[in-house]
Amino acid sequence: MQIGEILIKRLPDAEFLERAEIAKPGFINLHLSSPWLARQAGAIAQDGPDYYKIDLGGGKKVQVEFVSANPTGPLHFGGARNAAIGDALSRLLENSGYQVQREYYVNDRGAQMKTFARTLWRRYQQLFGMDVTIPSDGYPGAYMIDYAEKIKAAYGDTLLSLPDEEIPARFRELGLKIVLAELEHDLALMNVHFDAWFSEQSLYDNGDFDRVYAILREQDDLYEKDGAVWFRASKYLKSDRDEVFIRSNGEPGYFASDIAYHYNKFIVRGFDWVINVWAVDHQNQAARLPGTMKALGIDPERLTIVLYDLVTLKRGGKEIKISKRAGEIVTMREVLEEVGADAARYFLLSHSNEARIDFDIDLAVAQNSENPVYYIQYAHARVASILRKAEAAGLTPGSDHLDLLTCSEELALLRKMLQLPEIVVNAVERLSPHHLPHYALDLAKTFTNFYGHCRVLSDDPEQKELTEARLMLTLATKTTLAYVLSLMGMSAPEKM
RNA sequence: GCCCCCGUAGCUCAGUGGACAGAGCGAAGGUUUCCUAAACCUUGCGUCGCAGGUUCGAGUCCUGCCGGGGGCGCCA
C-alpha cells in the first residue's frame, strides 16, 4: 500500500488518465479520462480497421499449414474445425505484422493413395457393368462412385483399354485432380482459401528428400535395422524410441516426408516461423517433430504445432453417430450447407483448441437470441441501419462534440472497444482464436445496451451535437464489430 | 503400463499466480406510442472433480487419486 502511494505520486500527468487510486491489498487503479475515451470514437471511426492493427511480427514470414487431410475423399466435418482455426490464426497474424502464407499439405503419395487409385479403377469398371469388386481395404464410400462418374463423363470408356501398368498412375492422377478440386470448392464454402497446395511427392521429385537423406547420413543420424532405415530420434529427443525413416519395403515413411517437408519450409523457402494445425490424434508426433528439427540445424522454437480436439455433431441434444468403416461420414460440405459458414466458424472457434466441441446443429441454425451468431451479426446490421437512416435524414457523424459522450453506456462501449487490441495480442501469443467469439458477443451486448439506453438519432436541433457524437460512436462500433468478425472470417451483414 | 487433453453456475463455455471466480443461454420478475422486439432491464445462480503441497496469495503451479476422451505402428 505504501509503495503504491509513492508510485501514484510519481505518475506522470497523461491526458488519458483521469485519476489513480489505491485499493485494498495494494492495487493501483488507473481511471481513464472520459474525454480521452470519447475522443477514441473519432479515432476509430477515422482510421477504420487500421486503428486496431498492431505490429507483433515485424514482417516475419510465417507459414500456417492447416487442414492437410488426405486427398482421398471429401473433408470430414472435423476438418472444418481445423480450417476455422488455421484461417483465424492466419487472419490474426496478418493483422499483427506478420507476412502469412496459408498452405495445404497434399499427401499424394504412399499406401493410402495407391488404395484410393485401385478403388477408383474398380468403381470405373463397375460403371461399365463389369463384375469386379472394390478392394477389401479400399474406400467403400459412395463418393468414389461419383468420382468414377466424373472420369466416365470426361473419358468415356477409353480408359478401360489402358495397359495394366499404366492404370495405377493414371487413376491416381485423375482421382487426385477431382479430390483437390472438390477440397478447394468445399473450403471456399467456408471462405477459406489457400495460397499453396504443397505436394508431398514433389519432395521426392525436386531433390529435397535426397538432400535431407544425405545430411542425415553425413551426421550419422541414420542406421539400418530389420531391413529398414531408422532415424536416431533418441539423439535429439528425450526418448528411447527411434523413427522409421525408410521402411523395409524401400518406401520412405511419413517421418521421412515430414522432415524433408520441413527442410523445404525452413531451408528452401525460408520461413521464419511455421505453424502446423493438427488434430489431437497426432499428439505424439506433435511432441516429437519440433525437436527433430535440430538434426537440420533448425531451432525447434521456429516450429509450433497447434493441436485441437475433435468435434462431435449433435442434433436436438443427441449425438449423430457415424460409421467410418461403412464409409458413412458427415462431410464438411453437408454441415456447411445446412448451417452456413458464419455459424460454423463461430461455433468451431468459440472453444479453446484443447477442448472437445459438441457442435449443435439445431443451435447453429436457430434464428433467435439463443444463437450468438445472430445476436452479433444483428448488432452490426442494426448499426448499419442507424447509419443509413442518419444519412437519409442528412445527419452525419461528427467529432466536434465527442465530449458529450459521458453516460455510462457510452463509456462502457468505448472501453469495450479499446479492449480489442489486448484480445488480439493474447490470441496471437497463445495461438488461441477462441477469445474472438467471446469478445464479439461481449461487444455486441455492450452496444445493444447502449442502443437501449441512448437514442442516437434525433431531429431536435438542440440535440444535433449529441446526435453527431453518438453517430460517431456508432460508426466506431461498426468498424470494430466488422473488424472482429473479419478476424474470425465471418461476414458483417448490412441488413438482416 | 507410460504420455497428452478435459472436469468451473441448471445448460454451453471463458478465465494470462492476484481484488468479491465471469459471459451467454435457460429460470423468475419487469420494460416497449422510440433508430430493426431477432430488443432491453432487474434478480437468483458456484463444495472451481477430490485430497494434499508450494506461495504473502492457487480455478491457475506441483504430487496423488476419481471420472471422461485421446495417443503410444515399417498408417499419416
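No hydrogens, no waters, no symmetry mates; every other heavy atom, side chains included, goes into these values. Letters A, B, ... are given to chains in the order of the sequence lines, protein chains preceding strands, and every chain is numbered from 1. In this text, all values refer to a predicted model and were calculated from it rather than measured experimentally.
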If you look at every strand shown and take non-hydrogen atoms under 4.0 Å, does [X] touch a base, only sugar-phosphate, or nothing?
X	result
Asp258(A)	nothing
Asn426(A)	base
Ala381(A)	base
Gln283(A)	base
Ala228(A)	base
His453(A)	sugar-phosphate
Ser458(A)	nothing
Thr448(A)	sugar-phosphate

Check: [X] ring centre within less than 6.0 Å of [Y] ring centre:
X	Y	value
Phe231(A)	Phe255(A)	yes
Phe66(A)	Phe194(A)	yes
Trp121(A)	Phe171(A)	yes
Tyr308(A)	Trp278(A)	no

Could you state the [atom1]-[atom2] distance from [X] to [N], rounded to the nearest angstrom?
X	N	atom1	atom2	answer
Gln419(A)	rA14(B)	CD	P	18 Å
Asp362(A)	rC25(B)	CG	P	19 Å
Arg241(A)	rC4(B)	CZ	C1'	14 Å
Phe255(A)	rA76(B)	CZ	C1'	13 Å
Tyr451(A)	rC35(B)	OH	C1'	5 Å
Lys445(A)	rA38(B)	NZ	C1'	13 Å
Arg388(A)	rC35(B)	CZ	C1'	11 Å
Lys464(A)	rC35(B)	NZ	P	22 Å

*Please tell me which of Tyr378(A) and Gln112(A) maps to the more 5' nucleotide of RNA chain B, matching each residue to the nucleotide holding its nearest heavy atom.*
Tyr378(A)
*Of Ser432(A) and Trp230(A), the one whose closest RNA chain B nucleotide lies more 5'*: Ser432(A)
Can you tell me the pairing partner of [N] across any strand shown, Watson-Crick or G-U wobble, with both distances under 3.5 angstrom?
N	result
rU60(B)	none
rU42(B)	rA28(B)
rC13(B)	rG22(B)

So does [X] reach the base of [N] with its side chain, donor to acceptor, closer than 3.5 Å?
X	N	value
His282(A)	rA76(B)	yes
Ser385(A)	rC35(B)	no
Tyr254(A)	rA76(B)	yes

Distance between [atom1] atoms of [N] and [M] (Å, rounded):
N	M	atom1	value
rA19(B)	rU12(B)	C1'	28 Å
rA23(B)	rC61(B)	P	23 Å
rC6(B)	rG49(B)	C1'	11 Å
rC2(B)	rC13(B)	P	30 Å
rC45(B)	rC20(B)	C1'	15 Å
rG26(B)	rU47(B)	P	23 Å
rG44(B)	rG57(B)	C1'	30 Å
rG59(B)	rG15(B)	P	16 Å

*asked:* Measuring from atom CG of Asp108(A) to atom CG of Leu180(A), what distance do you get when rounded to the nearest 0.5 angstrom?
replied: 8.0 Å
*asked:* Between Glu173(A) and Lys177(A), does any side-chain N to carboxylate O distance fall below 4.0 Å?
replied: no
*Closest listed nucleotide, where the reference is the side chain of Tyr375(A) and the choices are rU12(B), rC40(B), rC6(B)*: rC40(B)
*Which one, rA23(B), rA14(B), rA76(B), comes nearest to the side chain of Asp442(A)?*
rA23(B)
Do the side-chain N or O atoms of [X] get closer than 4.0 angstrom to the phosphate oxygens (OP1, OP2) of [N]?
X	N	value
Arg356(A)	rG7(B)	no
Arg382(A)	rA39(B)	no
His438(A)	rG15(B)	no
Ser352(A)	rA14(B)	yes
Asn449(A)	rC41(B)	yes
Lys225(A)	rC74(B)	no

*Does a donor on one side chain and an acceptor on the other come within less than 3.5 Å for Asp342(A) and Gln377(A)?*
yes
*Taking the six-membered ring of Tyr261(A) (Phe, Tyr or Trp), confirm whether the NZ or CZ of Lys265(A) is under 6.0 Å from its centre and within 45° of its axis.*
yes
